[in-house]
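Following: one structure in structure tokens, then a few remarks.
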Amino acid sequence: MFALVDCNNFYVSCERVFDPSLNGRPVVVLSNNDGCFIARSNEAKALGLPMGGPAFKYRDLLRKHRVAIYSANFPLYGDMSGRVMNTIGDLSPGIEPYSIDEAFLDLSGFGRIGLVDHCRMVRRTVSRGTGIPVSIGIAPTKTLAKLANRMAKKDPAHDGVCLLVDAPSARDAMGAMAVGQVWGIGSRHTAFLGRHGIGTALDLADAPEAWVRKHLHITGARVQAELNGRSCLPLELVRPRKQSICTSRSFGSPVTGLDALGEAVAHFATKCALKLRGENGVAGLVTVFACTSPFEEPAARYWGTRTVALSLPTQDTLAIVRTARAVLEDIFRPGFRYRKAGVILAEIAPAAGASQPLPLFVQEDASPTASVRLMQALDAVNSRYGPGALRVASDTASSWKQHQERLSPHYTTDWNDIIDIRP
DNA sequence: TCTGGGGTCCTAGGACCC
DNA sequence: TCTGGGGTCCTAGGACCC
């Protein structure tokens, strides 16, 4: 048996933990650059504010209903996520954190008796320990646990915990659920299935298997099997190493010059290298992209991207920044209003030290040991004095800064912000 | 004026190997 | 006249997730 624990309106709930006056009010959290809605309280959903909707199109509605608006505060949400995951992990034999606000649990060994009681206890403990409300779905496959979770959220009668244990109750639930709500069935497949008379999750479960395999491929076939109670997706207790690491941002206002773009790219490359060291990996490839807004006139649009191999796989900020800036110079075209840029690291391998094969023709002089020690010193300084206390000179946010006009304090990750909120 | 960011997996087709 | 079988790797594009 699997359980899926999912935090309710997670980012909004994080803000409410530290400002209880937000309870009962409509609240939204905006994406980076204060662009779109990425979290909404139930009250905000009831007003018709859509997930992903651009905030500027709803300005009147937001003002009229005095909706509380927040810029995304990812340091806060990430920290709160860690607290929720630790609390759940302490209460479960196996846990797979699936996203910032969700985790699958292994409930094997509980038998059928006591599953719901146990999950109610998990829910109470998370609420008491972190202040975050969660919903829990329990079922024999991950896909059905997702479905059960949705029911737990939708129907207050479940009081936050829904168990789908036998085929008849699963079929009832699937009959009442649109196929597009099923985990793994996105908008494209929903439209395709609709054209073939498949409208509910139950229709998909009962469709001919060969037909599903042919048109929805192996991933769709797995979804169908899981709906029918055959588990295809095991709990992944160890997180696999990342295959790519990306840092990208839209700019607060358009950027036209190579210098300003270079500052942004240096900043993104620096963040990528830090994430890479957090994974204890080295990267072999660096991709840089810079583009205009997709809402520009077609003639004013540009999408530049290029990937190069590092001469030696590395986790060194200086080497990665140097490479990324060189790539940027190559893809930069003057005369465009750049709206977004990013850096992607790939071919990530463990930083295994001695076991690492060396290339036949090494161009770099610096010994790996010196680089490792320099990065340790860099990370130690920034960990003690704050991100960016020690950085490459080109890493500056002077001209491409994002809009973050309604940012809440970093309540759990910055002493200065805690001092600021004292009365 | 204003529209996010970070990921994964799968398939088809081309090019290549013995 | 007649022309095999079994693979790998790479890339672009599509689809999905939160």
Side-chain angles (χ1 to χ4, degrees), chain A residues 4-11 28-40 49-60 62 69-74 77-78 81 96-104 142-143 146 149-150 179-193 213-223 232-233 236 239-254 264 268 271-272 275-276 278-279 285 287 289 291-296 301 303 305 307 309 337 339-348 402-406:
Chain A
L4 176 67
V5 184
D6 191 316
C7 301
N8 301 346
N9 311 332
F10 181 54
Y11 301 159
V28 295
V29 175
L30 303 179
S31 61
N32 271 322
N33 227 14
D34 293 347
C36 308
F37 305 126
I38 56 170
R40 304 157 298 151
L49 299 170
M51 188 64 173
F56 75 89
K57 286 193 178 170
Y58 295 88
R59 186 164 320 146
D60 293 342
L62 293 167
I69 303 169
Y70 284 86
S71 303
N73 186 345
F74 289 112
Y77 310 149
S81 172
E96 175 192 338
Y98 173 67
S99 73
I100 193 166
D101 72 333
E102 281 172 89
F104 286 104
K142 283 181 163 181
T143 305
K146 274 280 209 182
N149 187 283
R150 187 168 271 276
V179 72
Q181 312 277 4
V182 174
W183 188 42
I185 304 298
S187 58
R188 283 327 202 20
H189 286 339
T190 301
F192 172 81
L193 291 169
R213 175 65 182 82
K214 181 178 174 196
H215 294 285
L216 268 55
H217 309 133
I218 189 70
T219 39
R222 270 188 214 127
V223 170
C232 306
L233 306 167
E236 289 178 20
R239 186 171 66 80
R241 181 176 296 278
K242 277 199 198 330
Q243 297 178 32
S244 64
I245 290 174
C246 173
T247 304
S248 74
R249 291 288 179 278
S250 298
F251 305 137
S253 47
F268 304 151
K271 291 193 85 163
C272 278
K275 293 180 195 172
L276 182 62
E279 289 273 309
L285 295 179
T287 301
F289 66 88
C291 54
T292 54
S293 165
F295 303 99
E296 287 273 10
R301 278 181 225 162
W303 223 100
T305 180
T307 301
R337 290 157 37 93
R339 201 61 219 220
K340 180 176 177 175
V343 174
I344 305 167
L345 303 180
E347 278 193 0
I348 294 168
Q402 295 208 298
H403 296 301
Q404 273 194 326
E405 285 171 14
R406 298 164 181 276

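Model, not experiment: these values are computed from the prediction. By convention in this document, chain letters (A, B, ...) are assigned in the order of the sequence lines, proteins followed by strands, and residues within each chain are numbered from 1.
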Need one value for [X]: base, sugar-phosphate or nothing, where a base atom within 4.0 Å counts as base even if backbone is also close, heavy atoms only.
X	answer
A:Glu405	nothing
A:Lys146	sugar-phosphate
A:Tyr98	sugar-phosphate
A:Asp34	nothing
A:Arg249	sugar-phosphate
A:Val223	nothing
A:Ile245	sugar-phosphate
A:His189	sugar-phosphate
A:Ser293	nothing
A:Ile185	sugar-phosphate
A:Ser253	nothing

Would you confirm whether [X], through its side chain, and [Y], through its main-chain N or O, come within 3.5 Å as a donor-acceptor pair?
X	Y	result
A:Arg40	A:Leu49	yes
A:Arg339	A:Gly252	yes
A:Asn33	A:Phe251	yes

Please check the phosphate of [N] (OP1 and OP2 only) for any side-chain N or O of [X] closer than 4.0 Å.
X	N	answer
A:Ser248	B:dG4	no
A:Arg222	B:dC10	yes
A:Gln402	B:dC2	no

Closest approach to the side chain of [X], judged atom by atom: which nucleotide of [options] is it?
X	options	value
A:Arg337	B:dC2, B:dT11, C:dC18	B:dC2
A:Lys340	B:dT11, B:dG6, B:dG5	B:dG5
A:Gln243	B:dT8, C:dC18, B:dC10	B:dT8
A:Lys275	B:dG5, B:dG7, B:dC10	B:dG7
A:His217	C:dC18, B:dT11, B:dT3	B:dT11
A:Ser187	C:dC16, C:dC18, B:dG6	C:dC16
A:Asn32	B:dT3, B:dG5, C:dC16	B:dG5

Provide, to the nearest angstrom, the distance between the [atom1] atom belonging to [X] and the [atom2] atom belonging to [N].
X	N	atom1	atom2	result
A:Leu193	C:dC16	CG	C1'	14 Å
A:Asn33	B:dG5	CG	P	7 Å
A:Phe268	B:dG6	CZ	C1'	13 Å
A:Phe289	B:dG6	CZ	C1'	10 Å
A:His403	B:dT1	NE2	P	13 Å
A:Leu276	B:dG7	CG	P	11 Å
A:Ile38	B:dT3	CD1	P	15 Å
A:Leu216	B:dC9	CG	P	19 Å

Practice problem: Between C:dC18 and B:dT3, how far apart are the P atoms? Round to whole Å, please. | Solution: 25 Å
Self-check item: Interatomic spacing from CD1 in A:Ile245 to SG in A:Cys272 - rounded to 0.5 Å
Solution: 7.0 Å
Quiz item: Can you find an N or O donor on one side and an acceptor on the other, under 3.5 Å apart, linking the side chain of A:Arg59 with the base of B:dC2?
Solution: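 Between B:dC2 and A:Arg59, which were checked side chain against base, a qualifying N/O pair under 3.5 Å is present.
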Quiz item: More than 12 heavy atoms of other residues, nucleotides or ligands under 6.0 Å from CZ of A:Arg301: is that the case?
Solution: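 For A:Arg301, atom CZ is crowded (more than 12 foreign heavy atoms under 6.0 Å).
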Exercise. Tell me, with the steps shown, if A:Tyr11 and A:Tyr70 meet ring-ring contact (aromatic ring centres under 6.0 Å, His included).
Key: CA-CA 9 Å; A:Tyr11 301 159; A:Tyr70 284 86; over 10 Å; no
Quiz prompt | Check ion pair A:Glu102-A:Lys146 (N to O, under 4.0 angstrom) | solution = yes
Quiz item: Mapping A:Arg213 and A:Lys242 to their closest nucleotides on DNA chain B, which lands nearer the 5' end?
Solution: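 The residue whose closest nucleotide sits nearer the 5' end is A:Lys242.
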Quiz prompt | Stacking of A:Phe56 on B:dT3 base (centres under 5.5 Å, planes under 30°) | solution = no
